[in-house]
Amino acid sequence: MNTYIFSTNLQCTNCRSKVQPLLDKNDKVSDWQLDLKHPDRLLTVKSPSATPEEISKIIARAGFQAQLQEKVQ
Amino acid sequence: MSRTNHKKQIFPVSGMSCAACASSVESVLEQTEGVHKAEVNFADHSVQVEYDTTDEELRAALQAVGYDLITEGEDPFEQQKEEKQAAYVALQLKTLGAALLTLPVFILGMFFMSWEPGRWISLLLSVPVVFYFGRQFFIQAAKQARRAQANMDSLVALSTGIAFIFSAFNTIYPEFWTSRGFQPHVYYEAATVIITFILAGRLLEERAKSQTTSALKKLMGLQAETLTLITDSGDEQVPIDRVQVGDDIRVKPGEKIPVDGRVTEGQSYIDESMISGEPEPVKKGSGDTVFAGTINQTGSFEFRAEKVGRATLLSQIIARVKAAQGSKAPVQKLVDKIAGIFVPTVILISIITFVVWMSVGGEAAFSRALMTAISVLVVACPCALGLATPTAIMVGIGKGAENQILIQDAQSLQTARNIDTLILDKTGTITEGRPTVSQIVWAKSTDANHLLAVLMAMEARSEHPLAQAILRYCSEKGITPAALSSFDSLTGEGITAETEVGNRFWVGKKALMEQKELQLPTDLSEKAKSWQAKARTVVYFGHDNQVIAVLAIADRIKEHSTRAIAQLQHMGIEIIMLTGDQEDTARAVSQEVGITTFRAGLMPDEKAEEVMRWQQNGRKVAMVGDGINDSEALARADLSIAMGHGSDIAMDVADITLVTSDLRHIPKALKLSQLTVRGIYQNLFWAFIYNLIGIPIAAGLLYPFTGFLLDPMLAAGAMALSSVSVVLNSLRLKNIQLK
């Protein structure tokens, strides 16, 4: 299991609701969290198999950007 | 692909709440195939897209991630209207051009027949009339011919075409006839006059049609364009297409309600006359429904949107009026039907004539055959047939206008005579349409004039809708309001005030009088009871410790309503009353005017359903109404009659408009319809009798017995005579008195 932390350009709960279905539906994503209070709007994604690029693409499909900040474990 | 091929359009976008959403929309669109550029304007929630895919693709792409694109595209109605307008202007120019060129041709042909150069001038002037201004007839005729059909256009094309070609031949090569012992005649005036006249007829018809579409335009004008949305960050002014179900909306006094919904906070009086037809503004508070297009009168309130866009009652009315208008049949059908049989028959007779003369004509067989064949076509010219309906209709419509009856088009006039069921709206049609003080009864020993001045001063400050009725009553009596030292509005109950000398007064419902323990004299209470039985609204006026007057307020029945209804019933027409008003008021009014069938508490679409219900029973239904709320039922009816004081929309939808709102004009209109339609049938008779007699003679049927051959000139004369008979018969209508 890998945990990736991305900085994103999502700003509000409405933005969150646009990416939510895409992340929830995706089999490769087992868990995710979005911290809108953080200045970098950190998105934490737990995934057993997905690469950071694949996750960035999912976010891009909703029209937003996500850049890998950190890989945990 | 070159840049110029891209479509570039601005769409409203919904679902964006921050700048990030805006950039999200941009990049989603830019990822979509076929999109070259997308620029979001977050301030007005729109996006400008350069693309060469479809609007639906763009919309689907955004919907997939939870936004929405409003792709109304170009308003098809607007586009249609523009096209129609352009066609109308073109027709106007055509008619004018044809008329200008036809006039000299007509003068030359009628009065200077033997002047040789006149033929050449006529030839030159006729070419543009027949082949430019009249080209639509030839195009239509060709289309009809390809499907082996014939209509009025075929007749026009054939007769004018042959008259022209024959005349042109005779002008250029007269020796063909003179060498055979015939006089070569020309018929340019016949060709050009027919075309000019038929064009003018079409123009009149188009004008009538274009007026009906402006009704829709006005209905659409009721729709608010912007609204005040209540958001977390305060009030926001947004365009109407951004509102969604569940949004909270604030409405200030004087504003239109933008969408259908339910009041959540505050209260106000709302003018719903466009929906319900009732003139009194309706009080709305928490939990009450409000409708798009109605107008907020007094207070500010908040409501939650429940139906938006095409789902609102107003949008549905618009859609239904559209559908109903489109479902009406064109006027020309009957004549076209006749022409459909008439034209091929005439052509056939003409050919038979030609063939017969060729085979039995002897020495001059060809010239005789040609001459008789043309005579047949000329004598059968549709001029009188073309005149039969329009002249009668023109006179009939003119006659109506003299009698304050405005008739929309020929179809209306034709339909009116078949009406057997008349549906009347109550408010504004049978009644005056606004509340009026019908009676005041004072307690004994009161100074009515002084107290009226106090009452007037109080009502002047009241926001209650009935206050207007009392104010009008007072000012008609010449009363000037007294001075008050204090005034208070007791919401939902009434008003109270104190005069400068310290007298306290109350105005309101009975409940208020009981609550303040005012004594009610028995004569006043009896009176109030009798009014209530007649569904009058009773207002109590109290002073100190007793009720000093009771007022009856009602929507008064118009002076002539009862008589008009009796007249119509006498004509064998069943009368039905519909109203959005409550049952007991409806019963009281219907009893007073002598109507036995009525239905109360109806919504606009229920009125229309009622019309359809009678239609399904095989009735020919006329609907009489005055409000926007009636417009759907009006459009649905076989014949719609609007009141002159009513809304413009009702008048535009209506087939017939009564300028003075006097119901007695309805029997007159029906009578006029009967006379006009009878006139049309007589005209058709005159148009055909000449043909029936003329065609065999023109074909040379008399020749074997008397040696008589109808000269094409005489044939043209007979044709003219039939036209004259038709016109004279139509003009006869003018002198008939309508009772």
Side-chain angles (χ1 to χ4, degrees), chain A residues 3-72, chain B residues 11-51 53 57-69 229-234 236 238 242-248:
Chain A
T3 302
Y4 302 105
I5 297 173
F6 298 87
S7 66
T8 69
N9 67 341
L10 281 81
Q11 279 185 10
C12 59
T13 50
N14 189 24
C15 302
R16 181 197 161 98
S17 69
K18 308 300 179 213
V19 296
Q20 178 171 8
L22 297 175
L23 290 170
D24 284 349
K25 258 192 322 206
N26 199 299
D27 296 337
K28 290 182 179 173
V29 177
S30 49
D31 192 18
W32 63 277
Q33 275 180 342
L34 178 66
D35 183 5
L36 285 173
K37 285 181 188 129
H38 192 281
D40 282 336
R41 327 280 156 151
L42 294 183
L43 172 71
T44 312
V45 178
K46 283 183 189 162
S47 167
S49 59
T51 63
E53 289 71 34
E54 279 177 312
I55 291 166
S56 282
K57 258 185 202 160
I58 296 171
I59 304 302
R61 264 168 52 207
F64 296 97
Q65 291 153 21
Q67 268 178 342
L68 186 66
Q69 291 287 93
E70 207 180 322
K71 183 181 169 186
V72 189
Chain B
F11 300 99
V13 178
S14 60
M16 297 190 294
S17 62
C18 63
C21 302
S23 69
S24 154
V25 165
E26 269 181 13
S27 54
V28 166
L29 282 175
E30 280 176 350
Q31 283 169 37
T32 308
E33 207 173 324
V35 175
H36 302 270
K37 199 173 173 194
E39 252 174 69
V40 169
N41 181 346
F42 182 55
D44 66 357
H45 291 260
S46 68
V47 60
Q48 180 175 315
V49 195
E50 279 175 38
Y51 62 111
T53 172
E57 297 267 354
L58 299 184
R59 187 164 189 207
L62 280 186
Q63 278 177 334
V65 287
Y67 303 100
D68 202 357
L69 192 72
L229 204 61
I230 303 166
T231 64
D232 296 339
S233 51
E236 201 184 325
V238 301
R242 250 206 64 201
V243 70
Q244 287 173 341
V245 173
D247 283 351
D248 287 317

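Reminder, nothing fancy here: chain letters follow the sequence lines and each chain counts from 1. Small disclaimer: the values here were computed from a predicted structure and weren't measured.
- Between the side chain of A:Tyr4 and the backbone N or O of A:Ile55, no donor-acceptor pair lies under 3.5 Å.
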| task | Could you go through the side-chain hydrogen bond (donor to acceptor under 3.5 Å, both in side chains) check for B:Thr32 and B:Tyr51 one step at a time? | result | CA-CA 10 Å; B:Thr32 308; B:Tyr51 62 111; over 6 Å; no

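- With a 4.5 Å cut-off on side-chain heavy atoms, A:Leu23 and A:Ile59 count as touching.
- Summarising the geometry, atom CG belonging to B:Leu62 is positioned 4.5 Å from atom CG belonging to B:Leu29; distances are rounded to the nearest 0.5 Å.
- Inspection of non-hydrogen atoms places A:Ala60, A:Arg61, A:Ala62, A:Gly63, A:Phe64 of residues 60-68 of chain A under 4.5 Å from chain B.
- A distance of 8.0 Å separates CZ in B:Arg242 from CD in B:Gln244, rounded to the nearest 0.5 Å.
- Side chain of A:Gln69 to main chain of A:Ser7: no donor-acceptor pair is present (N/O by atom type, distance under 3.5 Å, no hydrogens or angles).
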